[in-house]
Amino acid sequence: MVQEKTAGPALGAPPEAGPAAAPTARGPLAARAAGAVAGGALLYLAFPPIGLWFLAPFGVALFTLAVRDVRARRALWLGLLGGLAFLLPALHWVSPIGTDAWLGLVALESLFYGAWAVCATLTSRLPLWPLWSAALWVAMEWARGTFPIGGFPWARVAFSQGETPFTPYAALGGAPLVSFTVVLCGGLLALTALRAFRRAGSLPVVLPLVGALAVPAAALAVPRPGDEGRTVTVGVIQGNVPGRGMHPLGDEPAVVLGNHVRMLHEMAQAVRRGTVAEPDLVVLPENSTDIDPYRSDFARAQLDAAVKDIGVPVLVGAVVGIGENNRATRSLVWDPVTGPGAYYDKQKLVPFGEYTPFKDVVLALFERAALVGKQSVAGTRDGDLRLGPVTVGAINCYEVAFDDVVGGTARTGASPLVVQTNNATYALTNLPAQQLAMSQLRAVEHNRAVITSAITGISAYVTPQGKIAWRTGELVPASGVLTVPVRTAQTVATRVGALPQWLLILVGVGALVASRPQRKRIPAPIQGPADEQVGEA
């Protein structure tokens with residue numbers, strides 16, 4: 001009988017050596033299934049609004065242990081199970097659209113966790129396997145954010161780390177590096193547990209545990225730009241809406257426009273009274289007017305009067321007509337003297353919310369899909385807009401989850417970043433808090449203050465360090481005048497863009513290739529003279 005070694009080999013190497021070594025004893029399927037579910041549940045608890053961020057590495061560790069050293073088919077099912085346990089509660093905010101939409105999205109996204117589990121178990125026999133499984137996780141999150149129909153990068157592990165010891169890694173390699181470090185920490189915890197269970201000796205157990213502690217500690221060494229001594233005063237208005245769910249703007253036109261116009265006038269009155277500071281600019285949320293100001297003289301007059309009253313440029317969020325059959329979600333600069341001017345059109349559109357993929361088929365099958373109405377047209381330029389004394393970086397709602405959109409706008413030098421969002425359909429779900437955590441990570445990633453203006457909340461100001469310095473409640477009218485830093489220095493992450501992500505993906509793919517079993521070549525028998533004679537006969 002082969003005996004276990006009392007001292008482990010190199011970090012992450014299998015406990016037995018040699019090509020004929022037997023795989024680690026497989027635990028009962030029920031125990032592995034429970035581990036996958038528990039791992040997914042801990043990942044969910046790490047995300048806002050619960051926000052127990054420190055549970056993320058432990059969730060990954062349980063997930064990893066559940067799928068390690070099993071056949072690919074079993075790993076696939078365990079990965080799916082863990083993905084479902086994570087995403088069912090994490091994406092519950094989709095349910096106001098419909099239970100079928102929520103369950104369908106979760107089922108689709110869970111497939112990616114199943115694929116990761118298969119890749120992770122295939123590389124689990126390699127030395128340093130926690131490194132390879134973390135790199136493969138980055139590849140999985142990239143795939144989720146790309147396929148199908150533009151991807152869905154929500155609930156990436158990095159977005160559970162809005163203001164934590166792992167967050168500084170965002171300034172070095174963006175969201176992909178933050179996900180990598182959290183998952184690497186989880187893999188090291190899994191390795192620690194494996195060696196402790198096998199009683200491998202104190203040193204083999206301690207080494208990966210020290211590594212797991214060193215990963216977040218090393219984030220303190222990440223270089224980050226400092227303050228530049230310049231500020232801008234920003235007014236933020238959250239006007240609220242009359243409706244809920246799938247009809248948040250209500251049935252009566254101009255109510256949403258009226259809410260935001262009224263609050264602009266109230267802010268102007270407060271400035272004249274001296275009860276609030278005079279802003280340099282004001283930001284309204286996405287859909288702050290429910291009437292197209294280009295096509296409605298009433299909406300144009302209402303907005304123009306309010307902007308003239310406050311006396312500074314205002315960034316208006318509007319859905320505007322493009323031709324007869326299309327529309328655009330627009331961030332529109334409204335000047336108190338010259339009126340509407342420069343604008344940014346949303347680049348990343350929400351499938352089935354702002355446009356309908358496979359339109360003819362989907363509309364024939366689902367009556368609810370007709371609620372999309374006119375099809376949105378994607379913008380083609382970055383969101384840098386001159387607004388008073390600064391050039392702000394406009395980002396629209398869903399786009400804050402996409403690295404390339406936020407990074408492209410940050411590379412223009414725009415500061416601060418402004419996220420205009422309409423979360424009215426998802427009010428009081430876990431979406432607003434999750435989206436705010438994304439703004440926290442983006443602030444650190446690009447060394448920018450981030451202003452979030454949400455139509456029903458959560459509106460907020462996030463410092464370049466990722467700290468929430470001001471925030472509103474939900475489903476209430478609210479406003480604030482904030483003095484925020486203007487920073488133009490770029491982080492390493494801003495400069496290098498997607499390079500760290502691609503390097504990590506290549507590492508993961510390389511490990512996967514290296515894990516392929518090599519077939520042994522059996523040498524051909526050596527022919528003797530007699531064999532040659534027989535062959536010639």
Side-chain angles (χ1 to χ4, degrees), residues 138 141-142 145-146 150-151 153 156 158-159 162 167-180 222-232 234 281 283 315 329-331 333 342-349 378-421 435 438-452 462-466 484-505:
V138 173
E141 290 192 335
W142 167 81
T146 307
R156 293 155 72 186
F159 296 149
T167 310
Y169 282 115
L172 189 61
L177 185 59
V178 177
S179 285
F180 173 80
V222 173
R224 296 169 67 179
D227 188 64
E228 299 172 22
R230 184 182 170 201
T231 61
V232 65
V234 181
L281 57 102
V283 179
L315 191 65
T329 301
R330 180 164 292 180
S331 300
V333 176
Y343 61 85
Y344 164 73
D345 285 348
K346 189 175 186 177
Q347 299 176 71
K348 289 289 186 180
L349 304 175
T380 57
R381 63 176 296 273
D382 293 320
D384 51 316
L385 294 172
R386 188 71 186 181
L387 203 64
V390 295
T391 297
V392 302
I395 298 158
N396 260 284
C397 197
Y398 184 59
E399 295 183 319
V400 73
F402 290 84
D403 298 347
D404 55 342
V405 174
V406 183
T409 297
R411 278 188 287 277
T412 67
S415 178
L417 299 180
V418 174
V419 180
Q420 294 174 286
T421 185
Q435 193 175 54
M438 297 180 198
S439 292
Q440 290 181 268
L441 196 78
R442 299 306 186 191
V444 175
E445 182 178 5
H446 299 295
N447 182 41
R448 296 290 190 270
V450 177
I451 303 295
T452 297
V462 180
T463 72
Q465 293 77 32
V484 306
V486 177
R487 294 191 182 183
T488 57
Q490 293 186 349
T491 63
V492 174
T494 307
R495 291 196 298 270
V496 301
L499 180 61
Q501 174 177 257
W502 286 113
L503 290 175
L504 290 169
I505 290 173

Out of curiosity, S179 OG to Y169 OH, how far, rounded to the nearest 0.5 Å?
13.5 Å

In this structure, are over 12 heavy atoms from other groups packed under 6.0 Å from Y343 atom OH?
no

Note, Q465 side chain near V444 side chain (heavy atom, < 4.5 Å)
no

Just by distance, no angles: are the side chains of Q435 and T421 close enough, under 3.5 Å, to form a donor-acceptor pair?
yes

Shortest non-hydrogen contact from V222 toward P168:
CG1-O, 3.3 Å

To the nearest 0.5 Å, how far apart are CG in L385 and OG in S331?
6.5 Å

Would you indicate whether the side-chain heavy atoms of T494 and N447 approach each other to under 4.5 Å?
no

Counting only N and O atoms by type, is there a donor-acceptor contact under 3.5 Å from the side chain of T491 to the main-chain atoms of E445?
yes

With sequence neighbours left out, which residue pairs that include part of residues 408-421 fulfil the salt bridge (Lys or Arg N to Asp or Glu O under 4.0 Å) condition?
none

Can you find a pair of side-chain heavy atoms, one from P416 and one from V232, that are under 4.5 Å apart?
yes

Over all atoms of both residues, closest heavy-atom pair of L349 and Y398
O-CE2, 3.7 Å

Donor-acceptor pair, R156 side chain versus E141 backbone, under 3.5 Å?
no

Given L387, which of V234, V418, L281 fulfils the side-chain contact (heavy atoms from CB on, under 4.5 Å) condition?
L281

Determine the minimum heavy-atom distance between A175 and R442, stating which atoms define it.
CB-NH1, 4.3 Å

What distance do L177 atom CG and F180 atom CZ have between them, rounded to the nearest 0.5 Å?
7.5 Å

With a 4.5 Å cut-off on side-chain heavy atoms, are T167 and Q440 touching?
no

Considering all heavy atoms, the nearest P225-A489 contact
CB-CB, 3.9 Å

Would you mind reporting whether V419 and E399 have side-chain heavy atoms less than 4.5 Å apart?
no

Minimum heavy-atom distance between A493 and G173, given as atom pair plus value:
CB-N, 3.9 Å

Without swapping roles, check the side chain of R487 against the backbone of Q490 for a donor-acceptor pair under 3.5 Å.
no

Evaluation steps, side chain to side chain contact (heavy atoms under 4.5 Å, CB included), between W142 and Q501:
CA-CA 8 Å; W142 167 81; Q501 174 177 257; 3.5 Å; yes

Nearest 0.5 Å, please: how far is CG in D404 from NZ in K348?
5.0 Å

Can you find a pair of side-chain heavy atoms, one from L441 and one from V178, that are under 4.5 Å apart?
yes

For the pair V462 and R448, evaluate side chain to side chain contact (heavy atoms under 4.5 Å, CB included) and give the outcome as yes or no after the intermediate values.
CA-CA 9 Å; V462 180; R448 296 290 190 270; over 6 Å; no

How close do P464 and R224 get, counting heavy atoms only, and between which atoms?
O-NH2, 3.7 Å

Assess, by modelled atom type and distance only, whether the side chains of E228 and T488 contain a donor and an acceptor separated by less than 3.5 Å.
yes

Go through the steps to decide whether I395 and K346 satisfy the test side chain to side chain contact (heavy atoms under 4.5 Å, CB included), and finish with yes or no.
CA-CA 7 Å; I395 298 158; K346 189 175 186 177; over 6 Å; no

Please determine whether a side-chain nitrogen of the Lys or Arg among R381 and D384 lies less than 4.0 Å from a carboxylate oxygen of the Asp or Glu.
yes

Can you check side chain to side chain contact (heavy atoms under 4.5 Å, CB included) on T391 and T412, steps first, answer last?
CA-CA 9 Å; T391 297; T412 67; 5.6 Å; no

Between V486 and T231, is there a side-chain heavy-atom distance shorter than 4.5 Å?
no

